[in-house]
Amino acid sequence: MEENKELLELCGTVEDIIYRNPTNGYTVMEIESDDYIITAVGLITSIDIGDELKLIGNWKVHNKYGEQFAFEYYEQSMPSTKENILKYLSAGTVKGIGKATAKKIVDTFGEDTLEIIRDHPEKLSLIKGISKEKAIELSEDIKNTFGMRETMIELGGYPISINESIKIWKLYGNDAVDKIKENPYVLCSEDIGVEFARADSIAVKTLKKSLDDEYRVRAGIIHILSENTRNGHTCLPKETVISATGNTKFLNLGNDIIEPVVELMKKDGSIISCEIDGTEFLFLPAYFKSEIYAASKLNTMLEIPPQKIKGVKKTLKAFEKTQTIQYAELQQEAIIKALEGSVLILTGGPGTGKTTTLNAMIKLYKQCGLDVILAAPTGRAAQRMSEVTGEEAKTLHRLLEVEWDSNHHPSFKKNNNNPLECDVIIIDELSMVDSLLFEGVMRAIPLGCRLIMVGDSDQLPSVGAGNVLSDLISSGKIPVVQLTEIFRQSLESLIVTNAHKIVKGEFPEITKTDNDFFFMSYYDSNIISSKIAELCSSRLPNTYNFSPLDDIQVLCPSRKGDLGVISMNIKLQSALNPEINTSKGVNSGSYTFYKGDKVMQIKNNYDILWEKSDGTDGMGIFNGDIGKIIKIDNKEKIVYVKFDDKIAEYEFELLDNLELAYAVTVHKSQGNEFNAVIIPMYSVPYQLCYRNLLYTAVTRAKKILILIGEISTMNAMIQNNKKTLRYSALRHFLNLNETQ
């Protein structure tokens, strides 16, 4: 990293605004300073031509745009000289004032122009061409501008970023500061996004709000429900919410204070209450709506089936003859149900013929003249679906034509009012689909359309809230065919047969050394990590011609510990990337990044720019995307990362979006497959030592799987079939009409 330089001060007037990002305030502008025009770049809340600025920062040279002044701090004032006021008004900042009118006003009122417009609009009507009505309109416009500046200055007194200040202003305008003083917890809303702890500090320490303030309790309840959606829950028992909110480590309040607020929030719709199996549950409205809508739509689809296909069994027998294939009994059952019904779940482990069954469904649907759409939750899952079916498959977001608002919340163009145009929708990897996305799918499905959902219920559930696949199966309402027979070709693979053993709680076959499933027994974390590095750097590449970066993936149950993701990434980076000894890296969080590093995007970011080799460009890199650093420009403070055919630009301050990806967690690997997978089996934390996590990891491997560590750890994971508890209500809502 470069050493910190002494900051410089530059004063001037805004001559032109070249670029401005209204979301985060990033601005490129031309400044007149000492009769020179310079380019300045940085974050600023609001800006207009003619504004007078004091900028504090340093000079830098951009490889494309040349010398620029990059400011870190600034002081801003409204234009004060006649010349700057004329520039300000002539730029169209105030609606209804053009260049000619601006000159008349400034010639008349000089340096008092802005105050006259704001406080004495009646004087403007003395100027020819300005009526009293127009003068009042101009005054209101200037007041709004002054108000925004004053609001931004006052917000600067709180621990609030420029980006957050802009969001607050957009929401509340001139009332922003009063709104925050009244209820500082509005800062926690999704539209602003301040974390609860910071808003609570502003409320209690800065604004001296009482600990039992109703706004604080309301925000605390919402925070508990929101935080638990990150743990997969769409709802929580009421008693759990009350207890967690009042906990001494959170609000530190008694149930007698919290429970009445819960009742008020139920009445005004801030939270939704529902009794499930004799227990009262509380929901955030969005999650209640998502699950109850999906259940209602599915029940409607079951009650109003699509147009019947005649002679299904006969058609299938004829198809088997033409394809010279004999489907197994369960495969035949799945194909027939898919053709005869409206909704079907096809599930089963590896090697049970899901792909073969799916391909038969697609061909028979098309043979019957039906329009079929294929989709999956992630780009990699959709790509794999295309490869095994030979048909185009889209991500669900692309299929639903997602649009993102300024806070990166999705909405879908395809919905109840604009449904998809198709006869059949087939969704793969349903275990990865959360409740909100599933609602979006259900809203876009036209009545009369068939829905086929494919997934493995023994894998980990979705990262987002909900238990969609499990709830659908356990409801008993949705037809399900579970393929259980492992076909002969797959029986030759120990990855497949051992995966099925693990699901059943049986000990896998680990004695064979001439297959694709290996266990290497070691009892020391340092030895295990060294052996993994050796496997990645030399043994697997030399034996199987695997690329250490493209073909081999280390999957760790945990992030922390000697064999967790963070430690293993540092170890593997040292073993696999020679650039760490010859080039300059850049620090970010737990890692130092170098050219050649394998990295993963760890959050959705819709603002990151990328460009393809054919010149097409766009924005957006998504959670779970894996790429490689191809260049680090320490002078420009930009890192270039190649994701498949896209090259993305990361300014240094965006590097917290990335982590090294030589090793990733099992959860992050969902939806992906790798030629070779290595899994450390040593000192796995208790909360991660369970069967379906191991099963998910094992089924990520296509050609080679290596478990390395203690057999006792693997056995403990196999024996622990306690799946992570998730509170959800889709199953309940699917059966609701039967209990009413």
Side-chain angles (χ1 to χ4, degrees), residues 305-374 376 381 384-393 423-431 450-459 469 473 478-504 506 509 515-517 673 699 701-703:
Q307 186 174 354
K308 191 171 183 179
I309 298 173
K310 296 179 181 178
V312 168
K313 292 180 181 178
K314 187 177 179 181
T315 300
L316 175 56
K317 285 193 175 296
F319 181 76
E320 285 180 316
K321 285 184 179 179
T322 60
Q323 300 293 313
T324 62
I325 190 171
Q326 177 67 46
Y327 295 107
E329 186 177 340
L330 285 173
Q331 289 180 308
Q332 291 180 15
E333 181 186 343
I335 295 165
I336 291 168
K337 284 185 174 180
L339 293 173
E340 288 184 337
S342 54
V343 183
L344 176 70
I345 293 173
L346 176 65
T347 185
T352 56
K354 289 199 302 291
T355 298
T356 303
T357 308
L358 193 59
N359 280 328
M361 291 177 185
I362 295 168
K363 290 174 181 176
L364 284 167
Y365 280 138
K366 291 194 168 187
Q367 186 176 301
C368 295
L370 301 182
D371 186 16
V372 182
I373 288 177
L374 308 184
R384 197 170 68 250
M385 195 180 189
S386 293
E387 290 168 355
V388 299
T389 63
E391 304 284 341
E392 181 189 12
D423 302 305
V424 184
I425 296 175
I426 301 175
I427 301 173
D428 198 9
E429 296 284 4
L430 192 74
S431 62
R450 290 169 167 83
L451 172 62
I452 309 300
M453 297 171 282
V454 185
D456 187 342
S457 58
D458 290 312
Q459 287 189 21
L469 179 57
I473 293 172
I478 310 298
V480 178
V481 176
Q482 181 174 10
L483 302 178
T484 55
E485 180 185 348
I486 305 173
F487 288 93
R488 186 173 61 186
Q489 185 176 355
S490 297
L491 280 170
E492 297 172 2
S493 165
L494 278 179
I495 293 174
V496 171
T497 56
N498 280 340
H500 285 270
K501 284 177 178 288
I502 289 168
V503 161
K504 295 175 184 176
E506 299 173 4
E509 167 58 62
N515 207 281
D516 55 8
F517 188 109
E673 285 186 341
T699 54
K702 290 196 290 186
K703 295 181 179 178

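The shown structure was predicted, so the numbers you read here are calculated from the model rather than taken from an experiment.
Taken to the nearest 0.5 Å, the CE atom of M385 stands 9.0 Å off from the OG1 atom of T355. Atom CD of E320 sits about 7.0 Å away from atom CD1 of I335, to the nearest 0.5 Å. Rounding to the nearest 0.5 angstrom, the gap separating the CG atom in L483 from the CG atom in D456 is 10.5 Å. Going from atom NZ of K314 over to atom NZ of K317 covers 12.0 Å, rounded to the nearest 0.5 Å. To the nearest 0.5 Å, atoms CG (D428) and CD1 (I452) are separated by 12.5 Å. How far NZ of K310 is from CG of L339: 15.5 Å, rounded to the nearest 0.5 Å.
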Margin query: Under the criterion side chain to side chain contact (heavy atoms under 4.5 Å, CB included), I'd like the reasoning laid out for T315 against Q367: C-alpha separation, chi angles, the key distance, then a yes or no.
Written below: CA-CA 10 Å; T315 300; Q367 186 176 301; 3.7 Å; yes
Item checked: Full working for side chain to side chain contact (heavy atoms under 4.5 Å, CB included) between Q326 and Q332 -> CA-CA 9 Å; Q326 177 67 46; Q332 291 180 15; 3.0 Å; yes
Notebook entry, point to check: Would L370 and R450 count as a side chain to side chain contact (heavy atoms under 4.5 Å, CB included) if you check the C-alpha gap in whole Å, the side-chain angles of each, and the deciding distance to 0.1 Å?
Noted result: CA-CA 10 Å; L370 301 182; R450 290 169 167 83; 3.9 Å; yes
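The backbone N or O of D423 sits nowhere less than 3.5 Å from a side-chain atom of D371 that would complete a donor-acceptor pair. Formation of a donor-acceptor pair under 3.5 Å by the Y327 side chain with backbone atoms of T356 is not found in this model. Within the 3.5 Å criterion, the main-chain N or O of S493 finds a donor-acceptor partner in the side chain of T497. The closest donor-acceptor contact from the side chain of T347 to the backbone of G455 lies under 3.5 Å. Side-chain atoms of D458 never come within 3.5 Å of backbone atoms of V503 as a donor-acceptor pair (strictly under, hydrogens ignored). Using modelled atom types, no side-chain atom of E340 and backbone atom of V312 make a donor-acceptor pair closer than 3.5 Å. In this structure a side-chain-to-backbone donor-acceptor pair under 3.5 Å is present from D516 to I495. K501 contributes no side-chain N or O that, together with a main-chain N or O of E509, makes up a donor-acceptor pair within less than 3.5 Å.
Between A338 and Y365, the closest heavy-atom pair is O-OH, 2.6 Å. Contact record, C368 with I309: SG-CG2, 3.9 Å, taken as the closest heavy-atom pair. A pairwise comparison of heavy atoms in S386 and A393 identifies OG-N, 3.0 Å as the closest pair. Scanning all heavy atoms of the two residues, the minimum distance from K337 to L344 falls at CB-CD1, 4.1 Å. For the residue pair G341 and P306, the shortest heavy atom distance occurs at O-CG, 3.9 Å. The two residues I336 and K313 have their closest heavy-atom pair at CD1-CG, 3.8 Å.
T357 places none of its side-chain heavy atoms less than 4.5 Å from the side chain of V481. The shortest distance between side-chain heavy atoms of I362 and L374 falls below 4.5 Å. When side chains are defined from C-beta on, M361 counts as touching L346, because their heavy atoms get closer than 4.5 Å. Counting heavy atoms from C-beta on, the side chains of M453 and L469 never come closer than 4.5 Å. When side chains are defined from C-beta on, Q459 counts as touching E429, because their heavy atoms get closer than 4.5 Å. The shortest distance between side-chain heavy atoms of L358 and V454 falls below 4.5 Å. Counting heavy atoms from C-beta outward, E485 and L330 have side chains that stay 4.5 Å or more apart. Side-chain contact between T352 and V496 is absent, with no heavy-atom pair separated by less than 4.5 Å.
More than 12 heavy atoms of other shown residues, nucleotides or ligands fall within 6.0 angstrom of atom NZ in K702.
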